A.B. asks: 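Below is one structure. I have some questions about it.
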Amino acid sequence: MASNKLKINDIARLAGVSATTVSHIFNKRDKKYRISPQTRQRVLAIAQQYSDQSHIRQYLIKANSTNTVGVIVPDMSNSFFSMFLHHLEASFRQKNIQLLITCSHYNKDVEVNVAQNLVERKVDAMIVVTSLDSDDFYVGINQHTPVLFFDRYLKDTSLPFITSESLDSVAELIQPYAKQLDEFYFIGCDTQLTSIDARLKGFKQGLKNADLAINPEWLVSDDYCPNKGYDLLKNLHNKLGRLPKAIFTPSGNLLQEVLSYLVEIKLDPKEICICSYDYNIYLDYSYYPIDAIAQDFQSMAHVCVDVIDDLLNFKELKNHEIFIKPQIIRHH
């Protein structure tokens with residue numbers, strides 16, 4: 001029988017129950033129809049023996065589903081992640097799926113620990129903003145729990161990911177100002193992350209498109225920690241003896257920290273051009289005019305839901321690499 005496609009009737013016969021009973025168990029209706037835990041366990045144990053057949057695996061996943069999806073983000077105070085989680089929770093709630101949200105605090109050991117905890121809680125799938133350098137850990141989890149990378153992905157990963165497009169959008173963002181200036185500084189952190197690296201590449205492309213030869217000294221970066229943007233700009237100010245004419249920051253957190261320094265020294269807004277990734281509505285009221293890239297949270301959330309649904313239903317993904325086009329918001 002193992003070489004043939006097992007049917008519900010076959011499982012019912014082996015378990016000594018009706019096909020209707022097996023169907024109720026696979027569709028999580030066993031409590032509604034008062035099917036005993038012992039009968040449920042017997043049916044699932046038989047099905048497990050044939051889990052090498054894809055349709056049986058689907059039955060087992062549905063029968064054991066917890067209607068929960070685990071999410072790992074590195075920083076819940078980051079406005080980008082909080083807005084994304086807001087839309088993601090609303091999208092999954094419409095499907096009666098609850099999110100279990102955890103935070104890694106940019107710590108690799110913490111991330112591994114919370115991921116293992118989510119597996120122990122038997123989440124149906126995981127959406128991860130990873131800080132790891134390799135996908136090996138999640139490839140292992142993906143053998144039994146589908147994993148979807150979000151925002152940050154790992155080069156050459158076999159796992160699907162969703163992120164915002166950066167190369168063309170950042171180039172388009174800074175190009176008009178790069179044409180008018182003789183310098184443009186990148187103030188960033190964690191350029192080893194694929195999402196930040198893509199924004200850096202877009203920055204370089206924008207300078208190239210504007211025929212502005214890049215000076216390596218314009219690329220100012222370090223490992224991220226709170227207030228790092230403030231420190232980087234302050235140190236640059238001291239080094240140059242003046243502020244740069246133009247700045248691009250690759251994240252909202254860094255932008256806020258850069259702005260805190262500018263406010264502290266009371267710089268005239270006319271003396272600097274600021275562009276950034278991660279638009280926030282507060283920029284509409286900023287003392288300093290800032291052009292920014294707005295990520296499409298709603299589209300990203302909806303696509304995450306669709307991809308997770310496909311993964312849970314063993315559907316082949318049309319594309320493992322999904323880039324969502326952002327919008328440029330200008331204030332200059």
Side-chain angles (χ1 to χ4, degrees), residues 69-76 78 80-89 91-92 97 99-104 106 108 111-112 114-116 118-119 123-170 188 190-202 224 250-252 277-278 293-327:
V69 170
V71 183
I72 303 175
V73 296
D75 183 1
M76 290 187 188
N78 184 306
F80 165 65
F81 295 127
S82 60
M83 286 298 296
F84 168 68
L85 290 172
H86 169 76
H87 288 282
L88 188 70
E89 190 280 331
S91 298
F92 272 112
I97 293 176
L99 297 185
L100 297 182
I101 301 170
T102 60
C103 186
S104 68
Y106 300 99
K108 296 175 183 177
E111 179 180 334
V112 168
V114 296
Q116 290 171 334
L118 290 172
V119 171
V123 295
D124 297 333
M126 293 171 57
I127 299 172
V128 181
V129 183
T130 187
S131 296
L132 301 187
D133 301 319
S134 166
D135 67 354
D136 291 346
F137 172 70
Y138 288 109
V139 167
I141 290 179
N142 191 65
Q143 298 300 314
H144 49 79
T145 304
V147 175
L148 171 64
F149 285 139
F150 175 75
D151 184 50
R152 303 169 185 176
Y153 55 95
L154 298 167
K155 293 179 180 178
D156 303 319
T157 182
S158 60
L159 301 176
F161 66 83
I162 297 170
T163 190
S164 288
E165 188 281 323
S166 295
L167 185 62
D168 293 338
S169 56
V170 173
D190 297 336
T191 54
Q192 78 280 2
L193 298 175
T194 50
S195 56
I196 303 300
D197 180 59
R199 295 165 196 179
L200 175 56
K201 289 178 179 176
Y224 182 74
S251 71
Y277 215 90
D278 280 348
I293 291 176
Q295 302 193 63
D296 191 343
F297 300 109
Q298 191 166 27
S299 291
M300 288 191 289
H302 287 165
V303 174
C304 280
V305 171
D306 290 342
V307 171
I308 291 295
D309 187 65
D310 286 346
L311 291 173
L312 291 175
N313 287 284
F314 293 89
K315 295 181 180 178
E316 184 175 353
L317 299 182
K318 295 179 180 179
N319 196 339
H320 278 66
E321 304 175 357
I322 302 174
F323 295 90
I324 306 295
K325 185 175 178 59
Q327 179 184 2

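Since the model is a prediction, treat every value here as computed from it, not as a measurement.
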A.B. asks: Once salt bridge (charged side-chain N to carboxylate O under 4.0 Å, His left out) is applied, do any residues pair with Asp197, and if so which ones, sequence neighbours excluded?
C.D. replies: Lys201

A.B. asks: Who pairs with His87 by side chain to side chain contact (heavy atoms under 4.5 Å, CB included), at least two apart in sequence or on another chain?
C.D. replies: Met83, Phe297, Gln298, Ala301

A.B. asks: What's the spacing between Ser91 OG and Asp306 CG if we round to 0.5 Å?
C.D. replies: 9.0 Å

A.B. asks: Between the side chain of Arg199 and the main-chain N/O of Pro250, is any donor-acceptor distance below 3.5 Å?
C.D. replies: yes

A.B. asks: As an exercise, state the distance from CE of Met76 to CG of Leu85, rounded to the nearest 0.5 Å.
C.D. replies: 7.0 Å

A.B. asks: Please confirm whether the backbone N or O of Val119 pairs with a side-chain atom of Thr145, one donor and one acceptor, at under 3.5 Å?
C.D. replies: no

A.B. asks: If I take atom CG from residue Asn78 and atom OG from residue Ser251, how far apart are they, to the nearest 0.5 angstrom?
C.D. replies: 7.0 Å

A.B. asks: Using the test ring-ring contact (aromatic ring centres under 6.0 Å, His included), find all partners of Tyr106 that sit at least two apart in sequence or belong to another chain.
C.D. replies: none

A.B. asks: Do Leu148 and Val128 touch side chain to side chain, with heavy atoms closer than 4.5 Å?
C.D. replies: no

A.B. asks: List for me each residue that meets side-chain hydrogen bond (donor to acceptor under 3.5 Å, both in side chains) alongside Asp296, sequence neighbours excluded, and say none if there are none.
C.D. replies: Ser299

A.B. asks: Show me, pair by pair, the donor-acceptor contacts under 3.5 angstrom made by side chains of residues 311-322, not counting sequence neighbours?
C.D. replies:
{"residue": "Asn313", "atom": "ND2", "partner": "Asp309", "partner atom": "O", "Å": "2.8"}
{"residue": "Asn313", "atom": "ND2", "partner": "Asp309", "partner atom": "OD1", "Å": "3.4"}
{"residue": "Asn319", "atom": "OD1", "partner": "Glu321", "partner atom": "N", "Å": "2.8"}
{"residue": "Asn319", "atom": "ND2", "partner": "Glu321", "partner atom": "O", "Å": "3.1"}

A.B. asks: If we ignore hydrogens and angles and just use 3.5 Å, is the side chain of Glu111 paired with the main-chain N or O of Ile72 as donor and acceptor?
C.D. replies: no

A.B. asks: Evaluate the ring pair (Phe, Tyr, Trp, His ring centres under 6.0 Å) criterion for residues Phe80 and Tyr277: first the C-alpha distance (whole Å), next the side-chain angles of each, then the deciding distance (0.1 Å), finally the verdict.
C.D. replies: CA-CA 10 Å; Phe80 165 65; Tyr277 215 90; 8.3 Å; no

A.B. asks: Rounded at 0.5 Å granularity, tell me how far CD1 in Ile324 sits from SG in Cys304.
C.D. replies: 8.0 Å

A.B. asks: Show, in sequence, the C-alpha distance, side-chain angles and deciding distance for Leu100 and Val123, and conclude whether the side-chain contact (heavy atoms from CB on, under 4.5 Å) test is met.
C.D. replies: CA-CA 8 Å; Leu100 297 182; Val123 295; 3.8 Å; yes

A.B. asks: Specify the closest pair of heavy atoms between Pro326 and Ala294, including all atoms of both residues, with the distance to one decimal.
C.D. replies: CB-O, 3.3 Å

A.B. asks: Which distance, rounded to the nearest 0.5 Å, do you find between the CD1 of Ile141 and the CG of Leu118?
C.D. replies: 8.5 Å

A.B. asks: Sequence neighbours left out, what passes ring-ring contact (aromatic ring centres under 6.0 Å, His included) with Tyr138? Give chain and number order.
C.D. replies: Phe149

A.B. asks: With sequence neighbours excluded, what pairs up with Lys325 under the side-chain hydrogen bond (donor to acceptor under 3.5 Å, both in side chains) test?
C.D. replies: none

A.B. asks: Looking at CZ of Phe81 and SG of Cys103, how far apart are the two atoms once the value is rounded to the nearest 0.5 Å?
C.D. replies: 9.0 Å

A.B. asks: Step by step, work out the side-chain contact (heavy atoms from CB on, under 4.5 Å) result for Val69 and Met126.
C.D. replies: CA-CA 6 Å; Val69 170; Met126 293 171 57; 6.0 Å; no

A.B. asks: Let me have the donor-acceptor pairs involving side chains of residues 153-165, under 3.5 Å, with sequence neighbours excluded, atom names and distances please.
C.D. replies:
{"residue": "Thr157", "atom": "OG1", "partner": "Asp135", "partner atom": "OD2", "Å": "2.8"}
{"residue": "Thr157", "atom": "OG1", "partner": "Leu159", "partner atom": "N", "Å": "3.1"}
{"residue": "Thr163", "atom": "OG1", "partner": "Asp151", "partner atom": "O", "Å": "2.8"}
{"residue": "Ser164", "atom": "OG", "partner": "Gln295", "partner atom": "OE1", "Å": "2.5"}
{"residue": "Glu165", "atom": "OE1", "partner": "Ser169", "partner atom": "N", "Å": "3.2"}
{"residue": "Glu165", "atom": "OE1", "partner": "Ser169", "partner atom": "OG", "Å": "3.1"}
{"residue": "Glu165", "atom": "OE2", "partner": "Leu167", "partner atom": "N", "Å": "2.9"}
{"residue": "Glu165", "atom": "OE2", "partner": "Asp168", "partner atom": "N", "Å": "2.5"}

A.B. asks: Apply the test side-chain contact (heavy atoms from CB on, under 4.5 Å) to residues Thr130 and Lys108: give CA-CA distance (whole Å), side-chain angles for both, the deciding distance (0.1 Å), then the verdict.
C.D. replies: CA-CA 8 Å; Thr130 187; Lys108 296 175 183 177; over 6 Å; no

